[in-house]
Amino acid sequence: MPEEGITKFGKYAMDYSSLVSISDTHNWIALIPEISLCLIGLFLLLADVLIPPGGKPWLIRFGVGLNILLLGYLLFSKESASAEVLFGGMIDVTSLSQWFRGFFLITQLGIFWLAGNYFKNRALVRTEFYAVVNIVTAGMMLLAHSSSFVVLFVALETVTIGLYVLVAYDRNSEFSLESALKYLVLGGTNTAILLMGIALIYGAVGSVNDPLSFESVRAFLAENPDNLLAKMGTLALFASVAFKVGLVPFHIWIPDVYQGAPTPTTALLSIASKTVGFVLLFLFFGESGVFQPLASFLFPFVLWVTLISLIYGNVTALGYTNLKRLLGMSGVSHGGFLMIGVLVYMKMGELNWISGAILFYLMAYMIASLVVFGVMSILNFEKDEDQDLYDYNGLSEKRPFLAGALTIGVGSLAGIPPLVGFMAKFAFLVAAFQSKMYLLLGVALFAVVVSIFYYFKWIREAFYKDPIRGLSLDGETQEEPSFKGASYSDIGILIFLGILTILLGVFPMNLLSVWNFS
Amino acid sequence: MSNLLLISILTPAVFGLVLFLLPKKLPVVLQNTLASLGFGIPALIALKVFLDYTASGEAGFLFVSNIDTGLSNFGISLKMGVNGISAPLFLLAGIVGLAAGITAMVSVAERMKTYLALLLVMQSGLMGIFSTYDIFYIYFFHEIALIPTFIMIAVWGGQHRRAAAMEMTIYLTFGAMLSLAGLIGIYAMNNLGSFDLISLSAHLAENGLKDTLQRSLFGLLVFGLGVLVSLFPFHSWAPRGYSAAPTSVAMLHAGVLKKFGLYALIQVGLPLLGTGAVSWSFTLGILALGNLLIIGWVTMAQKDLKMMISYASVMHMGYIFLGIASLNSIGVSGAVFLMFAHGLSAALLFNLSIYVQNRCRSFYMDEMGGLGKHTPILAGFFMAAMMASVGLPGFANFWGEFSVFLSLWQWQPVFMILAIFGIVISAVYGLRAVSAIFFGKETESLEEVLKENPVKDLSWAERIPVVLLLVSLLVFGFFPRLASDSISKTTQLHILNESHTREEVQTLEAVPANTILEQTDSADSNAGGGHH
């Protein structure tokens, strides 16, 4: 920085000409998807006030239509990575971040499908849900593009605060409110840890131009890998990521919040919030990741967190019969499984397909979760927080199609060939073998065996009809369990997702390797 | 030709899917037609493939084709083809599948449509296991066949089905995971980067894996696959699982799916991990004797008919494991032949046992006595099946057991003497069961049952699967050469080539390797040809 440019704010401030040159890089076109999502959200909120009650379902449909248009725009614009410096280096458009854009947008549409079913027979305001989800999605997309801790923090907080609202969405339910309070307290603590980590790193990096950009932090760490402050900051950031992914011991919020939150929100937490964690991990440990220089320091922490998550998540899930809690803990173990990929990535960068494998796993998990949550939301039990394994008893007799769809979804989560979940797990097993992490491999195999037990229990209940059920103790017949049926559009979506699950399981189409951008 | 293999996998899967998606109130005729096509077409293909293979006189893989499934990065693609070992087992899958399918259609069960659909999916996996030579896909198809098994047992099974299904699920998944680790290990521990069995064995023949590595990988396979095949201390899932399973599932699992473990051990373990096999063979032999003698003893004590047959099926795995452990050409060929024969006879026994149980309305043999008077045909079939299972000459099992004994004589004569006691044990429980069920005076409980429900002999529909299985047993009992020639050719050339196996070890003990090879050759031609 030229000497004469220093103002009275001292050497950290910028001169006028560099401010101008930064504002020249404000290319808003690069952020069209995020901006449009926010606009759709705001539009929904505004129009909701003006439109008569009869028009509200149409308003929601219109909003979803806009989202689909946006997805189409993303798919066909084929905008790939740009080498251009954006927003003074705060935003970085890469092919990876483009991938995450698509991922989050598709997840969002899936959540809207779940919400449509969830809101049937429930006296709740609807439009706001769609508005908030739009803004949360915009936050997640922005996060994938961040290239500075400032943007990272802002985007992450947009997501988190939106999620607080969505968890508390069923304001008539004690459970929803209770879980929102728990999420708020723990999430707030997590934000504090995140902020503390950023502050420590800021303190360590100190007096360079823009000390919060990923580039300068990485450069600093490459030169001073032994800086204690930076190491502590990195650990704090990893803890915060582990909270998002739900890794043990940062998983403590998961069962309660998953149980109390409305089902579509639970799905959003389990798919998108987990993915947000992996977006951060890509930013931190990817090929040009911020903390790449500290990978060997962090490796043991990550390894132990992964091992414990795989074991604890699965063993705890064994004991649950509440499905949302069960899915929460199984999600912890899926997070652990995904971390195998991250560990391999940290250990041997030359295994170039591993980032593709992580993305493939995320996609497999998204599809399978949408199927499972889809069936849950179609059945739409009256007590949303109290969906029990045994409530599914006899499903196949009444609703064979839903039972079949559930089997495919749960089977894919469990990793059974020929479903896509198996291919995703298989790639990680091969990777663990090739990087010679045998302990991890053994624990992962153990985890698969345990997980098959509880997943299979669910399938068994769906297909098995307890002969005692339907009879009360004094021999009178009770009401037979009744299950809501799927509408034609539900059937269409489930068939589409089911075919995708099988097709990608049999023909992964080299996606595993095509996606090795990072 | 190569498309035929693929068609045999796809047909059952497609018909199963169609059955599943068709509406609930489907006319029974249409349902049975679809299912019969789904089971019949693969069976015919299997017969044609088997006959063509044996006629060709080849030893390696034939009818080869390669389908890219988008996993070429991992060195995986769907490589179809059969060799002398998989051809008879492919035929076995076809025959037993058809028999089990007909049995299922004859039986009366709720939600038959879904059941048949699942059974067809299982059949598709079974045809797949024996028609591919890509290690990944061998495992893949095994899992496809295994999962419907669990569901069918949990939903349509008999007594204690929920507990039995869960026990089986955990046990078998555990075994499958261990063997998956072993299979991935073979892939990851060499620099070829391929799951293709042919190129792997060519590659490893030149630059084999380190001995310690071979030992640990073969150990993983022995225990992982051992769990799947109910090797002695890991067998406890099998009797409970089979006795709870619906008959057609028990037929398919005990008859065909269980053979996956043995097949993988022979087809993958022996050629790729020769040194590992040598170091584990003694342990394997001891455990196999446990199957024969300890489980044999347990079998004699059973009172429940289905439990007894289940235990008997576990016990007979001992012979096959002994044949593999002997690591010579006769033993391994005998093991393959016995796998084929046992698959038929085990399926036959499970099939007949449900007919017996339905007629007596009882599980227990001491409540059945004197049934033979009312059902002479059933009695005849049951006796024949029992004799086949014991290993009477004239049935296919005899040749398998005979070759295994021959090979044991060369390897560990003590093992052979102990193993022969197995024959005595199976004769004891077999004959005792036949006499308890069919001969003697009618028991009180049977008389009561007869008062209310007069017993009829086997109907024509019930006879079809029984005759199908029994005729196959007899054909291969009188003409074992149909299969044994190509089996032993393949085991000699491709499984036990001289770079590994026991010959190596015996050379160290100053025994000229050539003599042993000559011995095996001459003894083998005796076993194959001395019966016409």
Side-chain angles (χ1 to χ4, degrees), chain A residues 352-353 356-357 396-397 400-401 403-404 407 411 414-419 422-423 425-427 429-436 438 441-442 444-453 455-457 459-466 495 502-514 516, chain B residues 13 17 20-21 23-24 67-74 76 78 110-111 113-114 117-118 121 124-125 128 136-137 139-144 146-147 150-157 161-162 165-166 169-178 180-181 184-189 193 195 216 224:
Chain A
N352 58 0
W353 49 267
S396 77
E397 201 170 346
F401 175 78
T407 309
I416 291 165
L419 307 174
F422 170 72
M423 281 319 308
K425 284 203 166 89
F426 176 77
L429 295 181
V430 171
F433 233 121
Q434 285 187 336
S435 50
K436 303 202 169 18
Y438 300 121
L441 182 79
L445 291 174
F446 166 81
V448 173
V449 175
V450 175
S451 75
I452 283 194
F453 182 82
Y455 285 130
F456 181 69
K457 215 154 73 172
I459 299 178
R460 184 190 69 182
E461 285 312 316
F463 276 88
Y464 177 84
K465 191 162 174 248
D466 200 338
I495 286 184
I502 296 173
L503 214 61
L504 286 173
V506 181
F507 287 103
M509 296 190 288
N510 275 335
L511 286 185
L512 278 164
S513 54
V514 170
N516 61 33
Chain B
L17 195 67
F20 184 77
L21 290 178
K24 226 187 240 175
I67 298 156
D68 186 16
T69 49
L71 283 167
S72 43
N73 274 55
F74 290 94
I76 297 171
L78 181 51
E110 273 182 63
R111 284 178 286 158
K113 189 172 72 79
T114 321
L118 285 168
V121 172
S124 155
F136 172 81
Y137 276 105
Y139 177 84
F140 184 88
F141 284 122
H142 168 255
E143 286 288 293
I144 291 186
L146 195 56
I147 302 302
F150 299 149
I151 300 176
M152 284 187 278
I153 292 178
V155 180
W156 286 274
R161 59 176 178 267
R162 280 163 67 104
M166 288 319 268
T169 308
I170 298 170
Y171 232 128
L172 294 190
T173 316
F174 178 67
M177 283 300 141
L178 277 187
L180 178 64
I184 296 180
I186 296 175
Y187 163 80
M189 290 304 154
F195 274 93
S216 39

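Letters go in sequence order (proteins before strands), and every chain restarts at 1. Excluded from the calculations below are hydrogen atoms, water molecules and symmetry mates; all remaining heavy atoms, backbone and side chain alike, are included.
- The shortest side-chain heavy-atom distance between F422(A) and F140(B) falls under the 4.5 Å cut-off.
- If you measure heavy-atom distances from F141(B) to chain A, you find no contacts under 4.5 Å at all.
- Residues passing the side-chain hydrogen bond (donor to acceptor under 3.5 Å, both in side chains) test with S124(B), sequence neighbours excluded: none.
- Here the closest non-hydrogen pair linking A181(B) and L445(A) is CB-CD1, 3.4 Å.
- Y455(A) meets the side-chain hydrogen bond (donor to acceptor under 3.5 Å, both in side chains) test with S330(A), H334(A); sequence neighbours excluded.
- Closest of all the heavy-atom pairs between A427(A) and F74(B) is CB-CZ, 4.0 Å.
- In this structure, chain A has a heavy atom under 4.5 Å from the side chain of I76(B), while its backbone stays farther away.
- You'll find the side chain of F456(A) reaches within 4.5 Å of the side chain of I151(B), heavy atoms only.
- For the pair T173(B)/F453(A), no side-chain contact is recorded, criterion being any heavy-atom separation below 4.5 Å from C-beta on.
- No side-chain heavy atom of R460(A) sits under 4.5 Å from any side-chain heavy atom of F150(B).
- Of the atoms belonging to Y171(B), not a single heavy atom falls under 4.5 Å from chain A.
- Residue E461(A) holds its CD atom at 4.5 Å from CZ of R162(B), rounded to the nearest 0.5 Å.
- When all heavy atoms are compared, the tightest approach of T69(B) to V506(A) is CB-O, 3.5 Å.
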